[in-house]
Structures are given as C-alpha cells and as structure tokens.
Amino acid sequence: MATLLHLDSSLWPAGSASVSRTVTAAFRKARQDQHPDGTVRYRDLDADPVPHLGAPATAAALADPALHTPDQAAAFAPRRALIEELESADAVLIGAPMINFSIPSTLKAWLDQVTVPGRNLAVEESTVKDVPVYVVACRGGSYAPGTPREDFEYVLNYLRSLLGDGLGMDVDFIVPELTLAHSTPAMAELIPLAEASLARAHEEAAAKGKAAAARAAGETRALTDLGAGDVAVCTDGVCAR
C-alpha cells in the first residue's frame with residue numbers, strides 16, 4: 001500500500017490562513033480522492049517539533065549500534081524512527097514557507113535528523129533515491145529570477161541541493177508568491193498577481209496530487225501482480241521482474 005509522508009511547518013496553525021497548509025491540503029486531498037487505498041502519515045512540525053540534532057545522535061548514526069553508549073542509544077532511537085518513517089514513504093509532501101529568507105527552523109531540525117552520511121547522503125545508493133518529494137514553498141514576496149530580491153532566494157536553492165543533489169530524491173516545487181499582498185498596504189497593487197499565483201498553486205497541487213496517486217496506484221498494481229518469488233524493480237511507476 002502506497003504511503004505519503006506529509007509534513008507541514010508553517011508557524012500559523014491548522015485552520016488559519018496559512019497558504020502552505022491550504023496548498024499541501026489540496027495536494028493531499030487530490031491524491032486521496034484518486035487513491036483512497038493509500039495511507040498518509042502526517043507530521044505538524046510546528047505543533048509537534050522534532051528535537052534539534054545533538055552530538056550523541058550524530059555520533060550514533062555513524063557508529064556500529066553494538067558500540068553505542070547509553071546516551072547515544074537513547075538519542076538515536078527517535079532519530080532512527082524519523083529516518084525509517086521517511087524511508088518507508090513512497091512520496092513526501094512538505095510545506096516549506098519562507099521565514100527570514102530561509103525555511104522554518106522546525107523543518108531544518110527534521111531535515112538534520114533524517115539526513116545521514118553513508119545512508120542517504122554522500123552515497124551512491126541513497127535509501128530514498130528517486131522518491132518523489134513535492135515542496136510547497138510559499139513566500140510573502142517574490143524572489144524569482146529578474147526580481148529585485150532574487151539574490152535572497154535561499155529556500156528553493158537549499159532544498160533542491162539537499163533533497164535532490166544530496167539525498168537523490170525527485171524534487172518538485174509548487175511556489176505560491178506574494179502571499180503578504182493582502183495584508184501589506186505597500187503591496188496592494190500586487191494583489192491581482194498574488195491571487196493569480198495562489199490559484200495557480202492550487203491548480204498545480206491538484207494536478208500533481210492526482211499524478212502522484214496514479215504513480216502510486218501503478219506501482220501497487222505492478223507489485224501485486226508479481227509472484228511470491230519474484231523481485232520487482234520499479235522506476236517512474238513501472239515495475240519489472
């Protein structure tokens with residue numbers, strides 16, 4: 001059964017006007033409508049943050065478990081659970097609103113916990129290689145190429161480098177822009193652009209959620225068709241024996 005790992009990191013709570021939460025919810029709904037048998041594991045990193053990475057958990061990830069000290073074993077147990085939760089997902093959905101030109105610290109903490117050199121980073125066969133990850137990267141202004149603040153774009157560049165180049169995941173972005181236009185008088189003339197960007201983001205979320213469901217359903221059907229003694233190799237939703 002295909003599993004979606006859904007992470008939200010907006011500091012604005014569920015039920016608020018959080019743009020990233022509404023767009024990730026649209027993606028998730030589209031996927032579930034098309035693939036109701038799929039499962040979803042959800043983490044609200046703002047309401048229930050994971051701890052920042054410390055020395056014991058860092059050292060434990062690089063050491064033989066049989067040689068762990070009590071402190072390392074205790075620190076690594078919750079980290080291992082987060083890593084294995086990521087590795088068990090067939091797709092990942094992340095709400096990553098820009099805060100002070102970067103990602104929320106709660107999301108950074110999660111990324112630090114699940115990134116392990118030799119397991120999924122700096123290794124040819126990452127344990128999450130080619131897993132699709134959909135990132136809703138909303139921002140109050142615009143940092144697109146050609147805009148006055150394009151040099152302040154640290155969200156897309158960072159996540160593309162870590163998730164894609166580092167972990168080997170298949171990264172896809174949805175980018176709602178100008179989300180502060182309605183609440184910032186100086187941005188009033190940008191409200192039409194903001195509304196168009198949000199509408200486009202919801203359309204992309206629905207379309208990509210449906211595509212993710214089709215991919216997940218295709219992999220599930222192909223795996224079901226395999227015999228007990230067969231080994232499946234799956235690429236882009238197509239599995240071969």
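Residue numbers start at 1 and run along the sequence shown.
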Could you tell me whether Asn100 atom CG has more than 12 heavy atoms of other residues or ligands within 6.0 Å of it? no

Should Thr106 and Ser9 be marked as a side chain to side chain contact (heavy atoms under 4.5 Å, CB included) after you check the CA-CA gap, both sets of side-chain angles, and the distance that decides it? CA-CA 6 Å; Thr106 52; Ser9 62; 3.8 Å; yes

By salt bridge (Lys or Arg N to Asp or Glu O under 4.0 Å), Glu125 pairs with (sequence neighbours left out) Lys129

Selection residues 49-70 - residue pairs positive for ring pair (Phe, Tyr, Trp, His ring centres under 6.0 Å), sequence neighbours left out: His68-Phe76

Would a distance-only check, ignoring hydrogens and angles, find a side-chain to backbone donor-acceptor pair under 3.5 Å from Ser126 to Val128? yes

Could you grab the distance from atom OG1 of Thr24 to atom CG of Leu7, nearest 0.5 Å is fine? 9.5 Å

Taking only residues two or more places apart in sequence, or in another chain, which ones meet Lys208 in a salt bridge (Lys or Arg N to Asp or Glu O under 4.0 Å)? Asp172, Glu204

Can Val171 and Phe173 be said to form a side chain to side chain contact (heavy atoms under 4.5 Å, CB included), step by step? CA-CA 7 Å; Val171 188; Phe173 290 104; 3.7 Å; yes

Determine whether Ile103 and Tyr158 satisfy the following criterion, side chain to side chain contact (heavy atoms under 4.5 Å, CB included), listing intermediate values before the conclusion. CA-CA 9 Å; Ile103 62 173; Tyr158 169 66; 3.6 Å; yes

Side-chain atoms of residues 113-122: list all donor-acceptor pairs with protein atoms under 3.5 Å, sequence neighbours left out, distances to 0.1 Å.
unit_1: Gln113; atom_1: NE2; unit_2: Pro51; atom_2: O; d: 2.7
unit_1: Thr115; atom_1: OG1; unit_2: Leu111; atom_2: O; d: 2.7
unit_1: Arg119; atom_1: NE; unit_2: Glu87; atom_2: OE2; d: 2.8
unit_1: Arg119; atom_1: NH2; unit_2: Glu87; atom_2: OE1; d: 3.0
unit_1: Arg119; atom_1: NH2; unit_2: Glu87; atom_2: OE2; d: 3.4
unit_1: Asn120; atom_1: OD1; unit_2: Val116; atom_2: N; d: 2.8
unit_1: Asn120; atom_1: ND2; unit_2: Val114; atom_2: O; d: 2.8

Please tabulate, for side-chain N and O atoms in residues 26-34, each donor-acceptor pair with protein atoms closer than 3.5 Å (sequence neighbours left out).
unit_1: Arg28; atom_1: NH1; unit_2: His6; atom_2: ND1; d: 3.3
unit_1: Lys29; atom_1: NZ; unit_2: Asp33; atom_2: OD2; d: 2.8

State which residues pass salt bridge (Lys or Arg N to Asp or Glu O under 4.0 Å) with Glu85; sequence neighbours excluded, sorted by chain then number. Arg43

What residues, two or more places apart in sequence or in another chain, satisfy salt bridge (Lys or Arg N to Asp or Glu O under 4.0 Å) together with Lys210? none

Go through it in stages, so that I can follow the logic: the residues are Leu198 and Val19, the test is side chain to side chain contact (heavy atoms under 4.5 Å, CB included), and I'd like the CA-CA distance, side-chain angles, deciding distance and then a yes or no. CA-CA 8 Å; Leu198 181 59; Val19 171; 3.8 Å; yes

Applied to residues 2-11, the salt bridge (charged side-chain N to carboxylate O under 4.0 Å, His left out) test, sequence neighbours excluded, yields Asp8-Arg21

Under 4.5 Å side-chain heavy-atom separation, chaining through any Ile, Leu, Val, Met, Phe, Trp or Tyr, what else clusters with Leu178? Say none if it is isolated. Leu180, Met187, Leu190, Leu193

Heavy-atom distance under 4.5 Å between the side chains of Trp110 and Leu82, does that happen here? yes

To the nearest 0.5 Å, atom CG of Asp90 lies from atom OG1 of Thr3 at 5.5 Å

Find out whether Arg41 and Leu4 are in side-chain contact, i.e. whether some heavy atom of one side chain is under 4.5 Å from a heavy atom of the other. no

Please list, chain by chain and in numerical order, all residues satisfying side-chain contact (heavy atoms from CB on, under 4.5 Å) with Ala211, sequence neighbours excluded. none

Could you tell me the separation between the OG atom of Ser105 and the CD1 atom of Ile99, rounded to the nearest 0.5 Å? 7.5 Å

Taking every heavy atom of Ala96 against every heavy atom of Val135, the minimum-distance pair comes out as CB-CG1, 3.9 Å

If a pair satisfies ring pair (Phe, Tyr, Trp, His ring centres under 6.0 Å) and one of its residues is in residues 177-211, list it, with sequence neighbours excluded. none

Which pairs of donor and acceptor atoms, one on a side chain in residues 146-153, lie under 3.5 Å apart (sequence neighbours left out)?
unit_1: Thr147; atom_1: OG1; unit_2: Ala144; atom_2: N; d: 3.3
unit_1: Thr147; atom_1: OG1; unit_2: Ala144; atom_2: O; d: 2.6
unit_1: Glu150; atom_1: OE2; unit_2: Gly146; atom_2: N; d: 3.2
unit_1: Glu153; atom_1: OE1; unit_2: Arg139; atom_2: NH1; d: 2.8
unit_1: Glu153; atom_1: OE1; unit_2: Arg139; atom_2: NH2; d: 3.0
unit_1: Glu153; atom_1: OE2; unit_2: Val155; atom_2: N; d: 2.7
unit_1: Glu153; atom_1: OE2; unit_2: Leu156; atom_2: N; d: 2.6

Any chance you could measure Ser20, atom OG, to Ile94, atom CD1, to the nearest 0.5 Å? 11.5 Å

Should Val23 and Pro176 count as side-chain neighbours, where that means a heavy-atom distance under 4.5 Å? yes

Ser88 side, atom OG; Leu86 side, atom CG - distance, nearest 0.5 Å: 8.0 Å

CG of Asp48 to OH of Tyr42: how many Å apart, nearest 0.5 Å? 10.5 Å

